[in-house]
Every structure is written in structure tokens, then in C-alpha cells.
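Sequence lines set the chain letters: A, B, ... in the order given, protein chains first and strands last, and positions in each chain run from 1.
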Amino acid sequence: MEEIITRFPPSPTGYLHVGGARTALFNWLYARHTKGRFVLRIEDTDVQRSTQESTDAIFEALEWLGIDWDEGPYFQSQRFPIYEEYAQKLLDSGHAYYCSCSSEDLETMRKKAMETGGKPKYDGTCRDKRLSKGDNTVIRFKAPLMGTTVLEDIIKGNIVFQNSELDDFIIQRSDSTPTYNFVVVIDDITMGINTVIRGDDHVNNTPRQILLYKALESPLPAFGHVPMVLGNDRSRLSKRHGATSVTAYRDMGYLPDALINYLVRLGWSFGDQEFFTRDELIEKFSLENIGRAAGIFDQEKLLSLNADHIKATPPRELIPILIPFLKEKGVETGDSDYLESIIKTLNIRSKTLRDMAEDAMFYFQDEIVYDEKAAKKFLSPSALGPVRELIKQLEQLDQFGEKDLEDAFKKVMEITELKLGKIAQPVRVALTGKTASPGIFEIIEVLEKERVMSRLEKAVQFIMDKEQKKS
RNA sequence: GUCCCCAUCGUCUAGCCUGGUCCAGGACACCGGCCUUUCACGCCGGCAACAGGGGUUCAAAUCCCCUUGGGGACGCCA
């Protein structure tokens with residue numbers, strides 16, 4: 001079989017949003033799955049709106065997602081001579097012509113068409129004028145007036161367009177820069193792209209592009225139009241629906257594999273499977289299982305998937321990802337053994353890395369700040385006995401293994417005649433400042449003797465000071 | 001307005017192509033319960049959908065038509 005060559009062509013007019021990332025993913029996955037090639041192309045023919053910052057932001061996002069390309073990045077702005085050449089070809093073969101209609105002319109043309117209940121389109125004023133290049137001329141493609149153009153879509157099936165619905169669209173602007181519908185076709189032809197997977201919103205562009213392929217006598221690629229991603233109000237996903245930029249998810253503590261898993265699963269399925277590793281995605285991805293209906297971006301589900309991916313990632317691999325979040329909270333540490341043991345206590349209860357950093361704070365504080373309610377409820381005189389007894393027991397231990405700790409607590413239970421719950425909560429507050437935390441034995445083991453002892457003693461002091469103030 | 005696409009629980013979806021095994025399965029969320037040193041995890045259970053109407057057929061979530069609803073495109077943006 002012929003090698004599959006796909007592409008992702010973002011226009012650098014903003015950051016990479018999740019919808020764009022999804023189509024990039026589909027193309028990338030399909031190329032990887034078929035052992036084909038994936039090409040990256042930057043569509044910057046609109047010189048006004050394209051920026052270097054956007055280009056960099058897109059690279060950054062793709063890199064974070066782990067989407068790598070085999071060819072490119074190509075920049076359309078550097079390929080203008082090629083487009084010029086093809087435009088001339090079309091002119092020469094009679095498939096294109098110069099048009100001198102002004103923007104104002106077109107505007108009134110559209111208005112009129114709308115009023116009479118038709119589709120606003122170019123009326124062909126200059127179609128047969130045989131104009132030559134002038135100061136304000138554009139080049140238009142001469143589209144057939146009759147007949148139909150059929151799009152054989154991999155995902156949607158056959159879609160038939162009446163050519164009468166189409167008009168003579170502009171392929172080269174009056175400033176001589178080429179337009180989108182023209183350049184995609186030239187690029188896809190010259191880059192050997194044989195599989196075009198893109199958003200649903202391009203369906204109506206496709207017949208025009210097919211006409212171009214035909215005029216150029218080039219074979220058509222396979223087209224697959226994937227349904228769009230919508231916001232929770234069913235309208236096109238935008239900023240007001242919350243975070244839409246890929247890197248925003250990175251900054252909120254999401255794992256790239258989780259985002260990828262979610263994005264691909266939104267609109268594609270593999271039976272009942274919900275969780276996929278990157279490799280599984282590559283192995284199992286197929287165009288046949290892409291759905292036809294638009295999907296709503298659901299943050300809740302992404303969040304839950306992120307938690308699953310955090311759980312599934314070996315703690316050691318999480319270290320470098322967690323560090324920036326700790327840094328953000330003022331924690332500087334390079335002690336990876338300590339970090340690894342901390343992560344082991346937190347990974348099953350964190351939905352994001354940011355949450356994890358937040359919950360890990362007590363491991364790094366020299367001075368535990370007690371949550372007011374927690375201290376009031378658990379650091380009371382009745383806790384004095386058990387905490388002091390625990391200090392006594394722990395002092396005799398050289399090492400804090402889980403088994404040793406359990407025994408120590410058992411002894412405290414016997415001596416104080418209290419249930420574990422009565423002892424563990426005050427200890428928890430003493431050690432973490434909060435009422436909710438990882439298991440008490442785990443914490444003690446990770447914190448190690450020195451920190452534990454000093455925190456317990458501080459708690460004892462705290463309780464005594466409180467009592468003194470009362471009397 | 002014109003053209004195009006879409007339609008299963010609140011959401012993502014399986015099932016649809018190749019009608020019967022579906023009084024429709026899974027996941028998220030939600031609600032119970034169990035586990036338990038807290039919070040989580042985990043486990044068990046619950047709530048909840050074939051948009052409506054016509055056909056075709058012994059039989060329709062599955063095939064056909066219409067209606068309705070939603071989305072998208074109509075630019076010298078991509």
C-alpha cells in the first residue's frame with residue numbers, strides 16, 4: 001500500500017487551541033499508526049495577522065503534547081514563487097482570470113444576493129473580460145457553472161455539491177499574495193499529501209479545492225472531515241468556555257498524555273475503552289471509528305482522565321513535572337528521593353500536578369501552619385496524652401518502617417486506651433496542619449524521625465500554650 | 001437568507017453499515033453503600049437516553065421519508 005502522508009497546517013494567528021490540537025492528533029496518529037509520514041506546515045499567507053509569537057507558541061504546544069513531525073515546518077510565506085508559478089499555469093490554461101472588481105462592488109453584490117434570497121457570491125462580472133494584470137486586480141479561479149462536484153469523505157460519506165452554488169473565488173489578492181483555498185491545494189500537491197484530515201468547518205471549502213485539483217490535473221487526496229469540538233452551550237469552543245489553549249492545560253497541571261487521551265476519545269472510540277496510553281492510541285487509532293456528530297468539551301471528564309494518568313505514571317517520572325509547580329509555590333528542591341516518596345503518597349489522590357504540589361506543601365514547611373478549625377478540634381488537651389505517648393514510643397525507634405510505626409501506634413492505643421482514630425487525627429494535624437492527608441503511617445515514614453519529632457513536640461507546646469492563655 | 005453536516009443517558013460514547021442476542025452496554029458527573037486513622041483510591045449498587053411523526057418488515061436504536069432541533073460555511077481570514 002502507498003505510504004500515508006498527512007499534515008497539520010496551523011495558521012500562526014494565536015495559540016494552539018484544543019480543537020486544533022485534536023485535528024493535529026488525528027493526523028499524527030494516523031501517520032504513526034500506518035507508519036506513514038506527518039508534515040507540519042505553517043499557513044502564514046496572511047502577513048498581517050501572522051506572528052512569530054504564535055508560531056513559537058504552536059511549536060511549544062506541539063512539543064509538549066509530544067506530537068513530532070517528519071517533515072517541515074514549511075512556511076507558506078517562503079513559498080510564494082511556487083504559488084505564483086501555479087497561478088500562472090491556471091491563467092495560461094484558461095482556468096483563471098484577472099478581475100478588477102473593487103471590494104465595494106463585491107459588498108453591494110453580496111447584499112443584493114442576500115436580499116433576493118440567494119447565496120452571496122461573485123457574479124462573474126470580469127469572467128469573460130480577458131483583463132490583464134493591473135494595479136488592483138485579483139486572480140479568480142474560473143469555476144464550472146453547471147454540474148456537480150462530489151466529495152468522497154472518509155468520515156461523512158459522499159457529499160454532493162451543485163457547482164452553481166460555488167463561485168469564482170479569488171486565488172491571488174491584489175497585493176499578489178495567494179489565498180488559502182489556493183495554497184492548501186498547491187502545498188498538498190507539491191508535498192505529496194495524500195490524506196487530509198481536518199475540521200468539519202472546511203467541508204464547504206473542499207469542492208473548490210477539488211475543482212482546483214482537477215484544473216491542475218492532480219490526483220485527489222483522501223479527505224476526512226472530523227466533527228468540531230463545541231463548548232458546553234453547544235456553540236463553537238472559545239475562550240468564554242474556559243481554557244482553550246493547550247499550554248493552559250500544561251500550566252494547570254495536566255499531563256500531555258491525559259489531554260491527548262481525552263481529545264482523541266472525544267469523537268473517536270474503541271469499544272468501551274476509555275483509558276489509552278500514547279502507544280495504545282497509536283496502535284488502535286483508525287479513521288473508521290471517528291464519529292460523525294460534534295462533541296462538547298467536558299472539563300470534568302478530562303480532569304478525571306488526568307487523575308487516571310497521574311495514577312498510572314511511575315512516581316519517578318512525575319518528579320520533573322512536579323518541580324515547576326512546587327517552585328511556583330516557593331519550594332526549591334532537587335532531592336529526588338524525597339520527592340519520589342512524597343509523590344507515592346499523593347499520586348492516587350491528586351487530579352492535577354498543581355493539586356499535588358498544593359497537597360505536598362506540608363512536607364516542606366519548617367513551621368506547620370495549623371488550619372484553624374483543625375487545631376481547635378484536634379489539638380486540644382485531650383490530645384496531649386496520646387501525642388506525648390507517641391513521642392515516647394517513636395523515640396525508641398531507630399527506623400520508621402511501616403511495621404514499626406504500626407506497632408508504636410498499637411502501644412499508644414493500649415496505654416491510652418484510645419482507638420486509632422482518636423490518636424491519628426491529632427497527630428495528623430500536628431504533622432500536616434490539616435485534617436485530610438495521606439495515611440498517617442505513610443506521612444511519618446516519608447517525613448522521617450527528625451521532622452516528625454519536632455512537629456509533634458511543637459504541637460504539644462501549642463496545646464499547652466493555648467491552655468495557659470485560657471487560665 | 002442560501003448551501004452543507006449532524007441527531008442514543010446532563011456529557012463522551014458502544015450498538016447502526018451486515019434489522020431480531022438491546023424493556024439499549026461502558027465512562028464522566030451525581031446519589032447511596034462497603035472498605036477505613038482523615039481525605040482520597042478501590043469495590044458494590046442506583047439515577048438516567050434511542051428527538052418527534054410517518055413508512056418498509058413477522059421484527060427497527062438499526063433501513064427510507066418528513067418535521068423539529070443543533071452545528072458549520074457563505075471574506076482580497078485560514
Novice: Categorize A:S269 for me: base, sugar-phosphate, or nothing, with a 4.0 angstrom heavy-atom threshold over every strand shown.
Specialist: sugar-phosphate
Novice: Would you say a side-chain N or O of A:K111 is under 4.0 Å from OP1 or OP2 of B:G1?
Specialist: no
Novice: For B:G69, what is the paired nucleotide under Watson-Crick or G-U wobble rules, both distances under 3.5 Å?
Specialist: B:C6
Novice: Taking atom C1' in both B:G20 and B:U62, compute the distance separating them and give it to the nearest angstrom.
Specialist: 11 Å
Novice: Hey, does A:E300 reach any base, or is it just sugar-phosphate, or nothing, if we go heavy atoms under 4.0 Å?
Specialist: sugar-phosphate
Novice: Would you mind reading off the distance between A:K344 atom NZ and B:A40 atom P, rounded to a whole angstrom?
Specialist: 24 Å
Novice: Could you let me know what B:G45 is paired to, Watson-Crick or G-U wobble, both distances under 3.5 Å, or none if it's on its own?
Specialist: B:C31
Novice: If you assign each of A:Q162 and A:N289 to its closest nucleotide in RNA chain B, which residue comes earlier from the 5' end?
Specialist: A:Q162
Novice: Quick check: closest heavy atoms across A:A57 and A:Y15, and the distance to 0.1 Å?
Specialist: CB-CA, 4.5 Å
Novice: Is it the case that A:R208 places NZ or CZ above or below the six-membered ring of A:F141, under 6.0 angstrom from the centre and within 45 degrees of the axis?
Specialist: no
Novice: Considering Watson-Crick and G-U wobble pairs with both distances under 3.5 Å, what does B:A40 pair with?
Specialist: none
Novice: Whole angstroms only, please: what is the CZ-C1' distance between A:R349 and B:C35?
Specialist: 14 Å
Novice: For B:G1, which nucleotide is its Watson-Crick or G-U wobble mate, given both distances must be under 3.5 Å?
Specialist: B:C74
Novice: Between the side chains of A:R79 and A:Q76, does any donor sit under 3.5 Å from an acceptor?
Specialist: no
Novice: What is the pairing partner of B:G19, taking Watson-Crick or G-U wobble pairs with both distances under 3.5 Å in any strand?
Specialist: none
Novice: Tell me whether B:C47 sits syn or anti, counting syn as a glycosidic angle within 90° of 0.
Specialist: anti
Novice: Tell me the interatomic distance from A:Q273, atom CD, to B:C28, atom P, rounded to whole angstroms.
Specialist: 14 Å
Novice: Considering only the P atoms, how many Å lie between B:G55 and B:G15, rounded to the nearest integer?
Specialist: 30 Å
Novice: Would you tell me whether A:Q299 and A:Y249 have side-chain atoms, one donor and one acceptor, within less than 3.5 Å of each other?
Specialist: yes
Novice: The side chain of A:I159 is closest to which nucleotide in this list: B:C12, B:U38, B:C5?
Specialist: B:C5
Novice: Under 4.0 Å between any heavy atoms, over every strand shown, what does A:F441 touch: base, sugar-phosphate, or nothing? Just pick one.
Specialist: base
Novice: Base, sugar-phosphate, or nothing for A:I440, non-hydrogen atoms under 4.0 angstrom?
Specialist: base
Novice: Could you walk me through whether A:K403 and A:E406 satisfy the salt bridge (charged side-chain N to carboxylate O under 4.0 Å, His left out) test, starting with their C-alpha distance in whole Å, then the side-chain angles of each, then the deciding distance to 0.1 Å, before giving a yes or no?
Specialist: CA-CA 5 Å; A:K403 187 81 183 60; A:E406 238 184 275; 5.9 Å; no
Novice: Grab the CZ-C1' distance between A:F297 and B:U13 for me, whole Å please.
Specialist: 16 Å
Novice: Kindly indicate whether the side chain of A:K301 and the base of B:C12 share any N or O donor-acceptor pair separated by less than 3.5 Å?
Specialist: yes
Novice: Measure from CG on A:L379 to P on B:U38 and round the result to the nearest Å.
Specialist: 17 Å
Novice: For a salt bridge (charged side-chain N to carboxylate O under 4.0 Å, His left out) check, start with the C-alpha distance between A:D187 and A:R7, then their side-chain angles and the critical distance, and finish with the verdict.
Specialist: CA-CA 10 Å; A:D187 282 342; A:R7 41 63 151 190; over 6 Å; no
Novice: With respect to A:F161, which candidate in A:V150, A:T206, A:L151 satisfies the side-chain contact (heavy atoms from CB on, under 4.5 Å) definition?
Specialist: A:L151
Novice: Which one is paired to B:U57, where only Watson-Crick or G-U wobble pairs with both distances under 3.5 angstrom count?
Specialist: none
Novice: If the C1' atom of B:A7 is compared with that of B:U13, how far apart are they to the nearest Å?
Specialist: 14 Å
Novice: Indicate, with yes or no, if the rings of A:H309 and A:Y262 have centres closer together than 6.0 Å.
Specialist: no
Novice: Quote, to the nearest angstrom, the P distance that separates B:U18 from B:A40.
Specialist: 50 Å
Novice: In terms of side-chain heavy atoms of A:K311, which of B:U38, B:G42, B:U37 is nearest?
Specialist: B:G42
Novice: For A:K377 and B:U38, what is the distance between atoms NZ and C1' respectively, to the nearest whole Å?
Specialist: 10 Å
Novice: Please report the distance, rounded to the nearest Å, between CG in A:N158 and C1' in B:C5.
Specialist: 14 Å
Novice: Closest approach to the side chain of A:I296, judged atom by atom: which nucleotide of B:A29, B:U2, B:U11 is it?
Specialist: B:U11
Novice: Given the C1' atoms of B:A14 and B:C58, what is the spacing between them in whole Å?
Specialist: 28 Å
Novice: Does the protein touch nucleotides 71-78 of chain B at the base, only the backbone, or not at all? Give it as B, S and - per nucleotide, heavy atoms under 4.0 Å.
Specialist: SBSBSBBB
Novice: Roughly how far apart, to the nearest Å, are B:C64 and B:C16 at atom C1'?
Specialist: 14 Å
Novice: Hey, can you tell me if A:F26 and A:F285 have their rings parallel, tilted or perpendicular (30° and 60° cut-offs)?
Specialist: parallel
Novice: For the pair made of NZ in A:K422 and P in B:U37, what is the distance, rounded to whole Å?
Specialist: 13 Å
